[in-house]
Amino acid sequence: MMTKLPPVFFERPDVVQVARELIGKILLTRFDGIVTSGRIVETEAYNGVVDRASHAYKGRRTARTETMYSAGGVAYVYLCYGIHHLFNVVTNIKDVPHAVLIRGIEPVEGVEQMLDRMRKLKLDHTVGRGPGNVSRALGISTEHTGNSLQEEISIWDDGFVLKPSDIIASPRIGIDYAGEDATLPYRFYQKGNRHVSGKGNK
DNA sequence: CAGCTGATCAACT
DNA sequence: GTTGATCAGCTGC
């Protein structure tokens, strides 16, 4: 049984809780009738205007970050280091720029299509590992920023439940510039899953 | 296995 | 002109 997560799931006020609950859910895209999906195994919460690691820190608002100010339940996709498209889920209500970065998925449907997009011949643990690869495997790019998560891109609950002890919280990756905010336990991942980025995810 | 580096663009100084 | 919510490929232990 598959249930699509409704807008109210994303509009809740606690972005850290949403990030934790997204572990184990299914992220699915359907572009031109081609379905690819994967189970979310790693996320990070970005806590809006008070979070030095967020693009919306201190209420910064540019053409790029504008979609983070939408009501929860849409995609925020932006380009990092000029080449990587990073996919985020916007949460909270309109004008509160919270978001959850999806950092890792375990491929489920459309493996052949994902391998094609990754330019790989065979499924391995690097497919869907790291935020740039999540977008690449699922075919998501900056042109999808602002899109609803009820249409081409959607997130599903298939009844899969993780033991609470298998969801680990840790500091976020690659945000050393964020001072004290860099130490907050806003990253969540499934213990031991090989599609989680970094080392030592036991 | 650790460490460096190129790719390449939007935002900021 | 510099810097990042990154990745893969190479170097040299």
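Straight-line distance from the NE2 atom of His84(A) to the P atom of dA7(B): 13 Å, rounded to whole Å. For the pair Leu86(A) CG and dA10(B) P, the interatomic distance rounds to 14 Å; values are reported in whole Å. The separation between Ile83(A) atom CD1 and dT3(C) atom C1' is 14 Å, rounded to whole Å. What separates CG of Asp176(A) from P of dT3(C) is a distance of 14 Å, to the nearest Å. Across the protein-nucleic acid pair, Arg61(A) atom CZ and dA11(B) atom P stand 14 Å apart, rounded to whole Å. Distance Tyr78(A) OH to dT8(B) P: 18 Å, rounded to the nearest Å. Straight-line distance from the CZ atom of Arg119(A) to the P atom of dG9(C): 12 Å, rounded to whole Å. In this structure, CZ of Arg117(A) is placed 20 Å from C1' of dA8(C), rounded to the nearest angstrom.
Ion pairing between a basic and an acidic side chain is recognised when a charged N comes within 4.0 Å of a carboxylate O; Asp14(A) and Arg20(A) show no such pairing. Using a 4.0 Å cut-off between a side-chain N of Lys or Arg and a carboxylate O of Asp or Glu, Arg12(A) and Glu21(A) qualify as a salt bridge.
Remark: dT8(B) base-pairs with no nucleotide; criterion is Watson-Crick or G-U wobble with both hydrogen-bond distances under 3.5 Å.
Nucleotides dC13(C) and dT5(B) place their P atoms 15 Å apart, quoted to the nearest Å.
Looking only at atom types and distance, the side chain of Thr142(A) has no donor-acceptor partner in the side chain of Arg64(A) under 3.5 Å away.
Using a 4.0 Å heavy-atom distance criterion, Ile175(A) is classed as a sugar-phosphate-only contact.
Contact annotation: Arg60(A) reaches the phosphate of dC12(B) (side-chain N/O to OP1 or OP2, under 4.0 Å). Contact annotation: Arg136(A) does not reach the phosphate of dC7(C) (side-chain N/O to OP1 or OP2, under 4.0 Å).
A cation-pi contact, defined as under 6.0 Å to the ring centre and within 45° of the axis, is absent between Arg103(A) and Tyr189(A).
Ring geometry for His144(A) versus Phe31(A): interplanar angle under 30°, hence parallel rather than tilted (30 to 60°).
With distances taken from any side-chain atom of Asn133(A) to the nucleotides dT6(C), dA8(C), dA11(B), the minimum falls on dA8(C). When distances are taken from the side chain of Met118(A) to each of dA7(B), dT6(C), dA8(C), the shortest belongs to dA8(C). Distances from the side chain of Leu79(A) to the nucleotides dC9(B), dT6(C), dA11(B) place dC9(B) closest.
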